[in-house]
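The block underneath contains the structure these notes are about, expressed in C-alpha cells.
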Amino acid sequence: MAAENTTGTTPGSTGAVDVGAARAALREVPNDPGAPKPDPILVGSGLVRRFGGLKAVDVGHIEIQRGVITALIGPNGAGKTTLFNLLTGFDEPDEGDWSFNGSSLRKVASYKVARMGMVRTFQLTKVLAKLTVIENMRLGATGQKGERFWSAVFPSIWRKQEDENTVRADALLDRFLLAKKREDFAGSLSGGQRKLLEMARALMVDPEMIMLDEPMAGVNPALKQSLLGHVKSLRDEGRTVLFVEHDMDMVRDISDWVIVMAQGSIVAEGTPDAVMADPRVIDAYLGAHHDTDLSELDEEKIEAEAMAELEGKDKP
Amino acid sequence: MDLFEILRAALSQALGPQAIVLALAAIGLNVHFGYTGLLNFGQAGFMSVAAYGLAVPIVIMDLPFVAGLVMALLMPVVLAVVLGFPTLRLRADYLAIATIATAEILRLVFGSVEMRDIFGGSNGLTGYARPFQDLNPYGSGIDLGIFALSRNDLWAATVGWILVALCSLLVWALMRSPWGRVLRSIREDEQAVRSLGKNVFAYKMQALVLGGVFGGLAGLFLALRQASVVPSDYGTNITFFAYTALLIGGAARVLGPVVGAIIFWFLLSGLGALFSQATSGANPLIPEVIMSNQQASLVRFILVGLALMLLMIFRPQGIFGDRREIAIDGR
C-alpha cells in the first residue's frame, strides 16, 4: 500500500470521512438509548448473551456513528467487554443481529470481521511476547503473500511486500514512540508500551473501525497524554473509534459520543456533557462528585483504577 | 573396561538409522510444538500409519513399490486432517489427549488378531523393502574402527541423512517466512492472531499436517530400514523419546531436533555399553548385588531421564535455544 505515507495509513476503502460533518450530524441525534445515527458504521439490534441464567448483554438497539470517537462506559460487570466480544466475533450472542458497513456479521468468524475492517484490541494486552516488536508489527499486515504455505518457501514472491510492510511498520513505530524498542522482544515492554504496540499493530491491518478495550488501564500518567493524542489522531485520519474506558477524564476529553451501559443494557447515550449531567448516569456510575476538581477526586480515582485493575484480572 | 568399544557403540547409533528416525519424528514435533504450540503426543501414530501405508499396499494388495510410497506420504496427511477437525478448535490439552489416544488405538488395531489378514497381527508385515535394498549402491559396509555401519545401514543412513537435511531445509525456509511468523504468533496468543485477520484454524491445520508428514517420514524410513513393520515399534515411548530429543536440542530451532536426536542416541547407546561392560564378566566392575546385567540395560533410561531433568532446570531452552524465546515457560 502507500509506503510513502509516513503517518502510517489512511483507511482506503471508504474515502475521506469529514470529521467535522460527522460530529455536527451527531448534534441532531436525540440523547436516547439506542438512538439512530445519521451515518452508522455499526448497527446491532436485539443482542442477547446469556451466561447461565445471567443476561450479560441485553442490548435492544445500538448504532455507532462513522468517523467519530464513541466511548462505551459503565460500571464493572455492565457487559461492555462482552458486547465488544460479540461485535467482533470473539463470542457469539444467543440472539440478535448486527452489521458492519451494511453487511451482517452474524456467524462471521472473528478473523473475517478483522479483514472487513473492524479490528479490536484487548483489555489485557495480547502482545506476542516471544516475537520482537517489529515482528509483532509485520504480523498485522493483511494480504501477505508469504503467509501462504507454498509461496512462503520462495522469498522472491514475498520479499518486496515484506519490505513495504516493514517501512509501514517502522513509520507506525516512530509515531507510537516505539522505534527504539524495534528489535526487543515484546515481552520485555512495559504495560503502557504494550498498549501502544497493540494499537500500532492493529493499525497495520489498516482498519476502518478500531475498537479499543480499556486503552488507558495500567498506563502511567505521562504516557496517557500521548495515548490520548494517538486515539484522537485515529479519528482525524478518518477512522471510527469505539472504546471502553473507566477513566472519565479521557472520556470527557476525547469522545464525541458516549454510550452508558449498566447491567447488560444501554441506559443512556449522548454527547459527553449531556451524559455526564444525566441523573441516571450519575446514579448508575459516576457518583455525586464526578465533576469536581481532579485533586479532590484523588481517592475516588485511585479506587476506580483499583477496581478497573481487579476487573482486568478477573476476566480471561 | 573398553572405552573404545563404548565410544564405537555410541557413535554408531548416534550417526546411524536409529538417530535418523528420532530426528525426523522430532522435526515434526518441532513444527507442532516448538513453532505452533500444538501438543501432539501421538507422533507414533503418524509414524505407524506411514509405515503400514507403505507395507499394506505392497504386501497385501500386490501394488507396486511406488504406490506404497505414495500411500505412506498420504496417510499422515489424512490422519492429521481427521484428528485436526474436531480438536484444533479446542484448547491445546485436548489435542494432546486425542493424539495420544489415537496413536494407541492405531497401534492396537494394527496388532489385533481380528485384522491379521490386513496388518499381519503382532508379527507385522515383511517383504516389501526389496526395491529399496536393491537400490543400494554400496558394495560393503563401513568400519572406521570407532564407527561402523553394515552395508544395509550405510545405505539407509545415506538416504536418511539426506532426508533429514531436506526436511530441515524446508523447516528453515518456512519458519523465516511470514507463514512461520504466523505459526510462532499462534503459539504465543491465538486470539491476538485472530484479531489481526488471520485464519488461525487453517494455519494450525497446515502445521499439524506438515509435522505429521515429517513424523510419517520417520515411520516410512524405519519401515524401509528394518524391512519389517511391527506394531510394537510404534508405542508411546517413541513419541516421548522424540520429545526428549527435541528438548535436548532446543525447541523452535531448526537444527535443535537433529542435534538432540544425535545426542540422545549417543548417550543412550554409550551408557548402555558402559553399564553392560561394567556388569558383565566373571569379576564385574559393579558387583552383582548393586546391579545385575539385566538391570544394566534399563539404568541408562533412568540416567537419560535424570539428564533431561537437569537440562530443564539449568538450561530449559535446550542446547541451541534462545532463553528469551523458549516455548516452555517456568511459569
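The chains referred to below are lettered A, B, ... by the order of the sequence lines, with proteins before strands, and numbering in each begins at 1. Fair warning: this is a prediction, and the values are worked out from it, not measured in the lab.
Here the side chain of B:R194 pairs no donor or acceptor atom with the backbone of A:S110 at under 3.5 angstrom.
Ion pairing between B:R181 and A:E162 holds under the 4.0 Å rule for side-chain N and carboxylate O.
Distance check: B:Y203 OH to A:F149 CZ gives 11.5 Å after rounding to the nearest 0.5 Å. Here OG of B:S185 is found 12.5 Å from NZ of A:K130. Values are rounded to the nearest 0.5 Å. Between atom CG of residue B:L196 and atom CD of residue A:E198 there is a gap of 8.5 Å, rounded to the nearest 0.5 Å. In this structure, CD1 on A:I157 lies 10.5 Å from OG on B:S177, to the nearest 0.5 angstrom. For the atom pair CD (A:E147) and CG (B:N199), the distance works out to 11.0 Å, reported to the nearest 0.5 Å. Of the inter-residue distances, the one linking A:L139 atom CG with B:E188 atom CD reads 11.0 Å to the nearest 0.5 angstrom.
With a 4.5 Å cut-off on non-hydrogen atoms, A:F154 does not touch chain B at all. Using a 4.5 Å cut-off between heavy atoms, A:T88 does not touch chain B at all. If you measure heavy-atom distances from A:E135 to chain B, the contacts under 4.5 Å come from both the backbone and the side chain. For a residue to count as touching a neighbouring chain, one of its non-hydrogen atoms must lie under 4.5 Å from one of that chain's; by this rule A:A202 touches chain B with the backbone only. With a 4.5 angstrom heavy-atom cutoff, B:Q206 touches chain A only via side-chain atoms. A:R159 touches chain B through its side chain: at least one heavy atom from C-beta onward sits under 4.5 Å away, while N, CA, C and O do not. For A:F122, the part lying near chain B is the side chain, with the backbone staying farther off; criterion is any non-hydrogen pair under 4.5 Å.
In terms of non-hydrogen atom pairs under 4.5 Å with chain A, the most contact-rich of B:A202, B:G180, B:G197, B:A173 is B:G197. Put simply, of A:G187, A:A114, A:S188, A:S151, the one with the most heavy-atom pairs under 4.5 Å next to chain B is A:A114. Top candidate by heavy-atom pairs under 4.5 Å with chain A, chosen from B:L183, B:L174, B:L170, is B:L174.
Around OH of B:Y94, the count of heavy atoms belonging to other residues, nucleotides or ligands within 6.0 Å does not exceed 12.
Among A:T125, A:L128, A:V127, the one residue that satisfies the side-chain contact (heavy atoms from CB on, under 4.5 Å) test with B:D189 is A:L128.
Looking at every heavy atom in both residues, A:R201 comes nearest to B:A192 through NH2-CB, 3.9 Å. Between B:K198 and A:A141, the closest heavy-atom pair is NZ-O, 2.8 Å.
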Inset, instruction - Give the intermediate values and the outcome of side chain to side chain contact (heavy atoms under 4.5 Å, CB included) for residues B:Q191 and A:F90. - result: CA-CA 8 Å; B:Q191 293 287 50; A:F90 279 80; 3.4 Å; yes
